[in-house]
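Following: one structure in C-alpha cells, then a few remarks.
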Amino acid sequence: MNHPIFQSVHSSWFSILEPLEDSILATFEVVGKGEYIPTVDRILAPLSTSLDEVKVVIVGQDPYPNADYADGYAFSVRAEVSSFPASLVNIFKELESDLGTPMPADGNLERWSRQGVLLINRTLTTVPGESHAHQRSGWMAITEVIIREVASRGAVGILWGGNAQQMSDYFDSSRVIKSAHPSPLSAYRGFFGSKPFSRSNAILSEIGKPQITW
C-alpha cells in the first residue's frame, strides 16, 4: 500500500483494499499510460474518511471531464472553483428546495465527507475532455466492493441514475434513496423533488445516528 494512489486513504480501509491492491494497481497502470484525471493522489480521496464513520454513500458515475473540476470526490469541486458544474448546481438547487439551504459559497463537498458521507464514483478516472473514457478499465469492479462493504455496515445509499442504482441490492431496502441523475439531461425526470437530504437525515434519525449538516 505504498503506491501514491493510496496516499490519502485512511488506514481503516486497508483491510478492505489489500485484497484489491493488485487490481487497483493494474487498473491504474492501464489508465496511467495516457492522460487521466484526477491526479493520482486524489483517485482514492473519498476513502480519507474512516470506514467506521461512513453512514451515507452518494454514488456518482465518473469524474467530471473538466480537469479543473475533477478532484476525486463524486460531484465535488475544489473550493477555489467559482463556476460550478451543471450537475452540482442542480444538487444545490435540490438542497435548497429540500432543506432551505441557500446556494453554498463553494462547491467543495469534503464538508459532507468529514461527517461520514462517502462520495464515490463507480469509475474513478477519465480522460480530460471525455466522459466515461475509463468505464471499462476495471474501476467498477473495485468500487463495487467498496460500496458493498459500506452497505453491509448499514450505510444509507443515495443512488442517482441507473449506473449508481446497479448497487441498490447491496443496501437494506429501507435505507436506499433512488432518483434520476442530477445532470441537466435527467434532473427534471425525477431528481428535482426527490428530497434526498431530508430523507437520508430521517433515516439516520430512525437508526440513532447523527444527521448530516448538508
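With salt bridges taken as basic N to acidic carboxylate O contacts below 4.0 Å, none links E94 and R199. Contact check on R148 versus E144 returns no salt bridge, with no Lys/Arg side-chain nitrogen under 4.0 Å from an Asp/Glu carboxylate oxygen.
Scanning both residues, S194 and G190, for their nearest heavy atoms gives CB-O, 3.5 Å. Residues V156 and F171 come closest through the heavy atom pair C-CE2, 4.1 Å. Nearest heavy atom pair, residue A70 against residue P63, reads CB-CB, 4.0 Å. Residues K209 and K55 share a closest heavy-atom pair of CD-CB, 4.2 Å. Nearest heavy-atom pair, D106 versus F84, reported as atom, atom and distance to 0.1 Å: C-CZ, 3.5 Å. Across every non-hydrogen atom of M140 and Q166, the tightest pair is CE-OE1, 4.1 Å.
Side-chain N or O atoms of Y69 include one that pairs as donor or acceptor with a backbone N or O of S83 at under 3.5 Å. Formation of a donor-acceptor pair under 3.5 Å by the Q211 side chain with backbone atoms of S205 is not found in this model. At least one donor-acceptor pair under 3.5 Å links the side chain of Q165 to the backbone N or O of S179. The main-chain N or O of F192 is never found under 3.5 Å from a side-chain atom of K93 such that the two would form a donor-acceptor pair. With hydrogens and angles disregarded, no donor-acceptor distance shorter than 3.5 Å links the side chain of D62 to the backbone of T123. Side-chain atoms of S186 come within 3.5 Å of backbone atoms of H181 as a donor-acceptor pair (strictly under, hydrogens ignored). Between the R175 side chain and the I203 main chain, no donor and acceptor come within less than 3.5 Å of each other. Judged by distance alone, with hydrogens and angles left aside, the side-chain atoms of S12 form a donor-acceptor pair with the main-chain N or O of L51 at under 3.5 Å.
Counting heavy-atom neighbours within 6.0 Å of E80 CD, excluding the residue itself, gives a total above 12. Remark: E96 CD is packed, more than 12 non-hydrogen atoms of other residues, nucleotides or ligands lying under 6.0 Å away. Atom CG of D52 sits in a crowded spot, with more than 12 heavy atoms from other residues, nucleotides or ligands closer than 6.0 Å.
Rounding to the nearest 0.5 Å places OG1 of T49 at 8.5 Å from CZ of R114. With rounding to the nearest 0.5 angstrom, the CD1 atom of I58 is 11.0 Å from the CG atom of N121. The structure places CG of L20 at 13.5 Å from CZ of F14, a figure rounded to the nearest 0.5 Å. Rounding to the nearest 0.5 Å gives a distance of 8.5 Å between OG of S87 and CZ of F191. One distance of note links CG of N90 with OH of Y188; it measures 6.5 Å at 0.5 Å rounding. Rounded to the nearest 0.5 Å, atoms CD1 (I147) and CE (M167) are 5.5 Å apart.
The cluster map of Ile, Leu, Val, Met, Phe, Trp and Tyr, joined by side-chain heavy atoms under 4.5 Å apart, puts V117 and Y170 in different clusters. Note: the hydrophobic cluster containing I24 also contains I120 (ILVMFWY, side chain heavy atoms under 4.5 Å, direct or indirect links). In terms of hydrophobic clustering, with Ile, Leu, Val, Met, Phe, Trp and Tyr side chains grouped at heavy-atom distances under 4.5 Å, V176 and L204 are assigned to different clusters. Residues I212 and I207 share a hydrophobic cluster, clusters being chains of Ile/Leu/Val/Met/Phe/Trp/Tyr side chains in contact below 4.5 Å.
Residue pairs meeting the side-chain hydrogen bond (donor to acceptor under 3.5 Å, both in side chains) criterion with at least one partner in residues 126-136, sequence neighbours excluded, are T125-H134.
Ring pair F75/W160 is perpendicular by interplanar angle, where above 60° counts as perpendicular and below 30° as parallel.
For F28 and Y36, the distance between ring centers is under 6.0 angstrom.
Residues L109 and I91 form no side-chain contact, since every pair of their non-hydrogen atoms from C-beta on lies 4.5 Å or further apart. At least one side-chain heavy atom of R111 sits less than 4.5 Å from a side-chain heavy atom of P104. Within the 4.5 Å cutoff, no side-chain heavy atoms of S8 are placed close to those of D41. Taking the side chain as every heavy atom from C-beta outward, L47 and L17 approach each other to under 4.5 Å. Looking only at side-chain heavy atoms (C-beta outward), S200 and I158 come within less than 4.5 Å of each other. Here the side chains of P38 and D71 are not in contact, with every heavy-atom distance at 4.5 Å or above. Between Y73 and R42, some side-chain heavy-atom pair lies under the 4.5 Å cut-off. Here the side chains of F92 and L88 are in contact, with some heavy-atom distance below 4.5 Å.
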* Asked: Does the side-chain contact (heavy atoms from CB on, under 4.5 Å) test come out yes or no for L124 and V31, once each step is laid out?
  -> CA-CA 10 Å; L124 298 177; V31 304; over 6 Å; no

* Report the C-alpha distance between V40 and H3 in whole Å, list the side-chain angles of each, state the deciding distance to 0.1 Å, and finish with yes or no for side-chain contact (heavy atoms from CB on, under 4.5 Å). => CA-CA 9 Å; V40 62; H3 190 279; 4.1 Å; yes

* Asked: Run the side chain to side chain donor-acceptor pair (under 3.5 Å) check on D98 and S198 step by step: do they pass?
  -> CA-CA 7 Å; D98 187 4; S198 60; 2.6 Å; yes

* Take V56 and W214 through the side-chain contact (heavy atoms from CB on, under 4.5 Å) test and state the conclusion after the steps. => CA-CA 12 Å; V56 177; W214 300 102; 4.3 Å; yes

